[in-house]
*Asks:* 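For reference, the structure I am asking about is given below.
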Amino acid sequence: MGPQRGFGSLVGRSAEIRAIAVSILDPMIGGVLVCGAPGIGKTAVVDAVLDQLDGTVDPVTVFADASLEDVPYGALAPVFNGRFPNDLSSPLSVLRSIRSSLRLTSNDAALPVLVVLRNAHHLDEDSSHLLGQLALAGEVRLLILSRGSGNRPEELDALRRDGLLALFELEALSPDQTTQLCRQELGDIVSSGSAAFISDWSQGNPHLAKELLAHLVRSGAMVKRDGVWLMARAPESPGKVLIDQVQTILHGCTRAQRRVVEVVALLGSIPIAAARHLLDASAVEEALTIGILSYSGPQGSDRSLVTIDPKVYGKVVRDLVPPGRRAEILHWLQDSALGRGLLKGGGVSGSLTWEMDLGYPIEDPLLLEAAHLANNGYAPRLAQRFCAAITSPEFATAARIEIVRSIFSLGDTEAAAAQIRGLMEDAADQLTLSTAAVTEARISLQRGGGPHGLNEVADRWVIIGRTLPIDLTHQPEQGAAILKCIALSLGGDYGAATEWLKQITDDAPPKSATGMVAQVLLGEMLGATGDTTEARNLTLRAVAETSSGGTLVNHYRSITARHGSLLVQTGDEAGLTELLQWHEEHAPPELRYFGGDMITLQGLMEFRSGRITNGCELLAAGIEELRRCDPELLLPLALGTAAFANRLVGELGKSRTYTQDYRTLAYSGSLPQRLVADAYVSAAQSWPAVSPEDLLVVLERADEARAAGLVHAEAEIVEVLFLLKCPVQQERMQDLTERMGAADSEAVQIMMEVTDSLDPGVLAAAGARALQRGRRLLAAECLARAAIGFASVGNGRAQRGVLQQLRELGTSLGRVRTSAMSDEVMDQVGLTQREQEIAWLAADGAASSEIARGLTVSRRTVEGHLYRIYLKLGICGRDELSRGLAAAGFAP
């Protein structure tokens, strides 16, 4: 399915459309000035405003054109309608002619004339003056479209400064709005990485976003898998449409302006002071007005940068620079100290890229370092380019390891496994051995090697390391010990793993990679066994350390994913929100575009919080990203949770697919995640009437979690048992709350209070508490049980109150069904199809007798339906039907 052209083009503009329409009708001003960059959506917004004002104004459109900028009244020629004045030198004669023409053009003399001026930045001065006079005299109202400041006629800008024109500057779409635009264009779920790529490259410009999206789909760089659109690869170009747009801009540049644009594009950005020193200062200022360069900071500040805006234009310009001129520019920059500093400002990788482009000889150690940094920055193809340039046999093994790392990060696990064989044995130093061992361990886990595979790599690491020169920075015993700790945790021996990690953490040098990795793993294990506060402190410190740079950046993905997993496990929604924001600001772009960790964690948290429908969508997108590359082994938990979540909302086909994928996956992830995923998959098999065999698996997984001391995993599985109405001993839940602590065990406490209760009042109070704690699914289950209880004792008033609370949960829960939230109960919450039909007929003014005749039922039947509809919507009668239906999310 390809993009639906034009659909959803007004995402994020509703408020501006309403405000502009109101301003145009305001008698105290003369109209509105709508400004914004090309492609920002000015035309679409104005067209929507005109639709909204239909019947209240009489629009007359004026198109300004660059070819008529120097022609007096050139833009207004079509409006004169054959009554063009004989004496253009007489402003009064022209004014009379235009007044007469506007009266003839107007379709309804009773309506105010609205002159819609498009492309005002091309308006000639005489037309500008004339329109300003008409607006000042109140004879017309103006709706003006123009580019940003500095591109408007002075006459109209003066009206704006005097308060006679309201100014609306259209801003770029936010990342969330760009995601919404992508979804509406494609008609299906869009992965967060794909949306981030579109948002970054278009910088929120709707036109560019849609053109880029269309090109990605046409070229196959963006594909649809299991209902999710995601990036299959980085695009080789932004597409012909955008290239043509940039070429048009460049053709209008002087030679000096074009050089400015090309230098900035090649460097990515350049400080204003440096740009003025290296380049023609006047050309720099002129280039900033042509719609392709912008300031990235306060104008005039020495710390401000000149950069390509939007980012996608930078890619186009770089591709359009001929190789000869590219080399000439780079040589010119190398010839000055300031230029060399700018080239080195991109770091080792950037600097070496320029030198390779210039054909300079580069020493192999520098190329190897650049390849390592590129892999750490999730730029695998760049790493491969550096490795391909290494020629010395001395560095061949290290280069081959970096190639394997790049292949693994591109998702080809089997190819990486084939090429990693023997590289540990070929290592000539401890750093190379360490990199090979960690890479082989990751590949082994991905292929299902489990604890045995890790122990085997760890033992070889130590044996080989003893034959190599000592390196205090990379000690094989410490690295191997960490692998063995991971193996212990995978096998369920969290006690031994925790004690060993504490020792490693105490012995490791401050801020060392070994100490930090041990710290994160220790935090993960403490959190799983209930020491939540200390666990969060450990993993959060590690996250903060990654921003300090150096070798710690190597572990960015692992650290953030493990910290996020801990936050999901402990239900810390606010903490995960902060992490997602931090990731948005600090993550390498390639990881944001192609990594599925964060969106998966977000989906897991949405599910845990009871926003089931949204959780299903986020998990679907995250799963498709993780299928390609899942170094942190999050896919098993994501698949298991998605199987259960989709079964809850009645998506049986999707649930079966995720269950099958989970069953055939080569690896299982960490022990607590595997136990929870197993429980979810087993429960999803026949939900909500779970078979004895499947129920037994859920009980067994809860017992395994209990035996291993994995309190959060046990609590999550106990909640599944509660939804199944499977008895759980009070003593067990009491013990669980004590081990978790009061802050983390609120859901267990609620279940403990009501697990054996049939009192609907107790159940309703428990539901209210769960809702207050943000546990929507648990709240809904308690409320549904309370509704059944109140109905059984004939307390209709209390039942209606509980149903109203369930109704308010409906948007986040979607079509969730459990044994208590059955169709029978939930039909009392939502409107049936027949009830919706009757409600909309009544809302449109149809009498009960008319509705009865149309539906061939009795009037009493219609009145009975209406009574139940009022109760469900929480309204008092027909007059409130439209509002009630809209508030409940029902569309006509």
Side-chain angles (χ1 to χ4, degrees), residues 424 430 433-435 437-442 444-445 449-466 470-543 545 551-552 554-555 558-559 561-563 565-566 569 631-633 667-675 704-705 707-713 739:
M424 285 178 64
Q430 298 289 358
L433 173 62
S434 172
T435 306
V438 171
T439 304
E440 187 168 340
R442 285 183 171 275
S444 174
L445 283 175
H452 174 76
L454 289 183
N455 284 322
E456 192 273 334
V457 173
D459 291 340
R460 285 167 50 221
W461 191 350
V462 172
I463 293 171
I464 297 169
R466 289 171 180 167
I470 296 174
D471 180 347
L472 296 179
T473 306
H474 302 93
Q475 301 182 41
E477 289 79 7
Q478 288 184 343
I482 289 178
L483 290 187
K484 287 183 174 290
C485 286
I486 298 173
L488 285 171
S489 69
L490 290 175
D493 194 346
Y494 271 63
T498 299
E499 291 304 314
W500 202 348
L501 285 169
K502 286 180 179 178
Q503 186 64 48
I504 296 172
T505 303
D506 291 341
D507 294 344
K511 295 187 176 182
S512 68
T514 300
M516 187 187 63
V517 172
Q519 177 180 304
V520 171
L521 292 171
L522 177 60
E524 182 180 49
M525 294 179 193
L526 289 175
T529 53
D531 193 349
T532 306
T533 301
E534 177 61 17
R536 286 175 184 155
N537 290 338
L538 286 168
T539 57
L540 189 59
R541 281 204 301 271
V543 169
E545 288 292 341
T551 58
L552 303 185
N554 302 8
H555 307 283
S558 181
I559 289 168
R562 291 176 184 274
H563 178 59
S565 296
L566 175 63
Q569 187 179 85
E632 305 313 317
L633 310 184
Y667 56 96
S668 59
S670 69
L671 179 61
Q673 292 180 356
R674 176 178 65 79
L675 295 176
E704 287 182 54
L710 305 174
V711 293
H712 291 288
R739 286 185 292 142

*Asks:* In Å and rounded to the nearest 0.5 Å, what is the CD to OG distance from Gln478 to Ser434?
*Replies:* 10.5 Å

*Asks:* Measure the spacing between OG of Ser489 and OH of Tyr494 and express it to the nearest 0.5 Å.
*Replies:*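 If I round to the nearest 0.5 Å, the distance is 5.0 Å.
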
*Asks:* Among all residues two or more places apart in sequence or in another chain, which pass the side chain to side chain contact (heavy atoms under 4.5 Å, CB included) test with Ala458?
*Replies:*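 Ala458 satisfies side chain to side chain contact (heavy atoms under 4.5 Å, CB included) with Ala480, Leu483, Lys484 once adjacent residues are dropped.
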
*Asks:* Between Gln430 and Gln475, is any pair of side-chain heavy atoms under 4.5 Å apart?
*Replies:* no

*Asks:* Can you tell me how far apart CG (Leu671) and CG (Leu488) are? Round to the nearest 0.5 Å.
*Replies:* 12.0 Å

*Asks:* Under the side chain to side chain donor-acceptor pair (under 3.5 Å) rule, what do His474 and Asp471 come out as? Steps first, then yes or no, please.
*Replies:* CA-CA 5 Å; His474 302 93; Asp471 180 347; 3.3 Å; yes

*Asks:* Thr498 and side chain to side chain contact (heavy atoms under 4.5 Å, CB included): which single residue from Leu521, Leu522, Asp493 fits?
*Replies:*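 Of Leu521, Leu522, Asp493, side chain to side chain contact (heavy atoms under 4.5 Å, CB included) with Thr498 is met by Leu522 alone.
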
*Asks:* What is the minimum heavy-atom distance between Pro476 and Val462, and which atoms define it?
*Replies:*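 The answer is O-CG2, 4.1 Å.
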
*Asks:* Do the side chains of Met525 and Leu501 get nearer than 4.5 Å, heavy atoms only?
*Replies:*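 Counting from C-beta outward, Leu501 and Met525 do come under 4.5 Å.
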
*Asks:* Between Leu445 and Leu454, is any pair of side-chain heavy atoms under 4.5 Å apart?
*Replies:* yes

*Asks:* Can you name the nearest heavy-atom pair linking Arg536 to Leu566, along with the distance?
*Replies:* N-CD2, 3.7 Å

*Asks:* I want to check something: taking the side chain as every heavy atom from C-beta on, are Thr514 and Ile482 in contact at a cut-off of under 4.5 Å?
*Replies:* yes

*Asks:* Would you say Ser670 and Glu632 make side-chain contact, with heavy atoms under 4.5 Å?
*Replies:*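 Heavy-atom side-chain distance check fails, nothing below 4.5 Å.
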
*Asks:* Looking only at heavy atoms, what is the nearest atom pair of Glu524 and Thr539, with distance?
*Replies:*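 Residues Glu524 and Thr539, closest heavy atoms: N-CG2, 4.2 Å.
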
*Asks:* Quick one: does Ile504's side chain get under 4.5 Å of Val517's, heavy atoms only?
*Replies:* no

*Asks:* Closest approach of Ala542 and Gln519, non-hydrogen atoms and distance?
*Replies:* N-NE2, 3.4 Å

*Asks:* Sub-3.5 Å donor-acceptor pair from the side chain of Glu534 to the main-chain atoms of Asp531, do we have one?
*Replies:*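 Pair absent, no side-chain N/O of Glu534 close to backbone of Asp531.
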
*Asks:* Side chains of Leu490 and Tyr667: does their closest heavy-atom pair fall under 4.5 Å?
*Replies:* no

*Asks:* Which heavy-atom pair separates Arg442 from Ser558 by the least distance, and what is that distance?
*Replies:*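 Taking Arg442 first and Ser558 second, the nearest heavy atoms are NH2-CB, 3.9 Å.
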
*Asks:* Taking the side chain as everything from C-beta on, heavy atoms only, tell me whether Thr529 gets closer than 4.5 Å to Leu710.
*Replies:*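 A side-chain contact under 4.5 Å exists here.
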
*Asks:* Walk me through whether Glu704 and Arg674 qualify under side-chain contact (heavy atoms from CB on, under 4.5 Å).
*Replies:* CA-CA 11 Å; Glu704 287 182 54; Arg674 176 178 65 79; 4.1 Å; yes

*Asks:* For a quick test of reading the model, state the closest non-hydrogen atom pair linking Ala518 to Thr505 and the distance between them.
*Replies:*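 Minimum heavy-atom contact is CB-OG1, 3.7 Å.
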
*Asks:* Check this for me, if you would: do Arg460 and Glu456 make a salt bridge, where the nitrogen-to-carboxylate-oxygen distance has to be below 4.0 angstrom?
*Replies:*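 Yes, this pair counts.
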
